[in-house]
Amino acid sequence: MQRRENGAPAGQIHSPAASYDAERDLDMIGNRPCNGDMNLPRVIAVEEHVATEQFLSAAHSLDVHQGDRTEVDLMRMVEAQEPFRSALTDLDRRVAAMDAAGQAMAVLSINPPGVQPYSAAAAVPLARAVNDSLAGFVRRRPERFGALGTVAPQDPAAAANEIERAMGPLGLHGIMINSHTEGRYLDEPRFAPLLEAAEGAKAPVYLHPRFPSMLAPYDAYGMQAAVWGYQAEAGLHAMRLILSGVFDRHPGLTVVLGHLGEGIPYWLKRIDNRHAFAARIPGAAGTMPKLRLTPSEYFRRNFVITTSGIDDPAVLALALDAIGEDNIMFAIDAPYEDTDDAMAFLRSAPLSDAQRAKVGHLNAERVFSLR
């Protein structure tokens, strides 16, 4: 099959995420700092977690939704351990690690699962406090930090208002949602105000993994978290958004997935094939919303993916072929992943200079409105 330059098959819809003047931006590379490495242009990492002592103290004192207890207990144990706690809370240490690795900028987000395991009454003001802190980090070091705000989907109207505040007065660059909230997913009608606000404010939604909402099948062999549960949960959430018709209702919404797309790029051809097959079966078709595009077309149009936690050139090559170089961004997932290892991967990955510039910083600048 003939392919476009950005990797999308000829004849398929072209992602508006790629509709910018790439040649103009690439011409600017020579005017940007190279971080001590002439082979690597400016580098922005876009899934970089932080916490404040105030947030940890407040969150750890709150009651937890019953279904989230296992995850929160584990995260609280992790957050209490040194040197991990300092890696989350000490931004001077973070900047030193960035400087040593040659990383120009980090897009910060509160440590998962954020405010989502708590009651709406507690989560709404906690989200506001988190976003005030993130905005302060960005104001103090705008050349080093961007940030993704947090919201409390438990109260969709309050979440919508917080998106507008984060993207407006606070000057943040998007929002991060840690997949399900109390076992509920963003395709459900109750969350429409949140999605409307994100689309209207041009707030990219970084859909971050967390423990699966149905935990029992994963409750063995360490599968609840990153071994398998995280990618299964986030991939499920993304597919619910696609198949529910969310992107027909919100065509301007951008969703970001980490871990090179949570497995979905590998499955796009089969997803299209089986979706078309199911649509021809009377019983199944009656439960399926009619979509204007194929699932893979929504994925190429409305999703951007990041390299967080997958320093694998073969998987990167597959993602480039599946969705194109304009829809992939660099991420480290600090402090859960090693900054030096991720930067070494970006340097050594078999990319052209133009691709390395797009993955390394140009796509992040476009998607998150960073300069």
Side-chain angles (χ1 to χ4, degrees), residues 1 3-4 6-9 12-18 46-47 112 174 176-180 185-187 195 204-214 218 223 225-248 250-251 253-279 288-289 291-331 333 359 363 367:
M1 179 182 291
R3 290 193 172 267
R4 298 185 189 274
N6 79 336
Q12 287 192 349
I13 190 165
H14 183 66
S15 165
V46 300
E47 187 192 319
M176 177 171 282
I177 294 181
N178 297 284
S179 196
H180 69 87
Y185 291 85
L186 293 176
D187 57 279
L195 297 181
V205 177
Y206 202 123
L207 195 62
H208 190 275
R210 62 176 302 190
F211 274 33
S213 59
M214 184 175 66
Y218 301 90
M223 290 198 299
V227 174
W228 189 250
Y230 280 0
Q231 53 266 50
E233 168 64 31
L236 169 69
H237 200 151
M239 289 306 305
R240 288 181 63 115
L241 292 174
I242 291 170
L243 297 178
S244 65
V246 157
F247 298 109
D248 286 341
H250 304 289
L253 181 65
T254 296
V255 175
V256 183
L257 288 177
H259 314 111
L260 283 171
E262 310 294 1
I264 294 176
Y266 187 92
W267 287 92
L268 282 176
K269 185 173 180 63
R270 178 168 175 80
I271 290 167
D272 280 352
N273 176 282
R274 293 298 88 189
H275 183 263
F277 177 82
M288 295 171 59
L291 302 180
R292 296 172 189 167
L293 305 176
T294 65
S296 68
E297 288 172 332
Y298 292 110
F299 197 78
R300 294 185 177 98
R301 188 188 75 175
N302 292 95
F303 285 79
V304 185
I305 70 175
T306 81
T307 64
S308 61
I310 300 190
D311 298 341
D312 187 327
V315 180
L316 177 59
L318 182 145
L320 286 165
D321 187 60
I323 67 169
E325 63 198 32
D326 295 308
N327 291 328
I328 303 174
M329 299 182 290
F330 177 69
D333 198 5
V359 172
N363 293 338
V367 171

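Predicted model only: the values in this text are computed from it and were never measured.
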Between [Y] and [X], is there a side-chain heavy-atom distance shorter than 4.5 Å?
X	Y	answer
Met288	His275	yes
Arg210	Pro112	no
Pro251	Arg292	no
Phe299	Asp272	no
Asp248	Tyr298	yes
Pro265	Ile305	yes
Asn363	Asn327	no
Tyr206	Ser308	yes

If you compare all heavy atoms of [X] against all heavy atoms of [Y], which two are closest, and at what distance to 0.1 Å?
X	Y	value
Ile328	Ile323	CG1-CD1, 4.1 Å
Ala319	Leu260	CB-CD2, 4.1 Å
His259	Ile310	O-CD1, 3.2 Å
Gly229	Tyr218	CA-CD2, 3.9 Å
Leu243	Pro295	CD2-CG, 3.9 Å
Asp312	Ala314	OD1-N, 2.9 Å

Full working for side-chain contact (heavy atoms from CB on, under 4.5 Å) between Leu186 and His237: CA-CA 8 Å; Leu186 293 176; His237 200 151; 3.5 Å; yes
Main chain of Leu253, side chain of Asn302: is a donor-acceptor contact present, judged purely on distance under 3.5 Å?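 Checked: pair present.
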Counting distance only, does the side-chain N/O of Arg301 pair as donor-acceptor with the main-chain N or O of Leu293 below 3.5 Å? no
Checking side-chain polar atoms at under 3.5 Å, does Ser244 have a donor or acceptor matched by the opposite partner on Tyr185?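 The answer is no; no qualifying pair exists.
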Side chains of Glu47 and His208, donor plus acceptor under 3.5 Å: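 Yes - a donor-acceptor pair under 3.5 Å links their side chains.
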Contacts of Asn273 meeting side chain to side chain contact (heavy atoms under 4.5 Å, CB included) (sequence neighbours excluded), chain-then-number -> none
What verdict does the side-chain contact (heavy atoms from CB on, under 4.5 Å) test give for Ser213 and Glu233, after you've listed the backbone C-alpha separation in whole Å, the side-chain angles of each residue and the deciding distance to 0.1 Å? CA-CA 8 Å; Ser213 59; Glu233 168 64 31; 4.1 Å; yes
Considering the options Leu207, Ile264, Val255, which one meets the side chain to side chain contact (heavy atoms under 4.5 Å, CB included) requirement together with Phe303?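 So the option named by the test is Val255.
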Got a second to check how far Leu195's CG is from Ile177's CD1, nearest 0.5 Å? 7.5 Å
So how far is it from Phe247 CZ to Leu241 CG, rounded to the nearest 0.5 Å?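 If I round to the nearest 0.5 Å, the distance is 5.0 Å.
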Check this for me: Arg274, atom CZ, are more than 12 non-hydrogen atoms of other residues, nucleotides or ligands nearer than 6.0 Å?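 Yes.
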Residue Met214 excluded, over 12 heavy atoms near CE under 6.0 Å: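 Atom CE in Met214 is not crowded, with 12 or fewer foreign heavy atoms closer than 6.0 Å.
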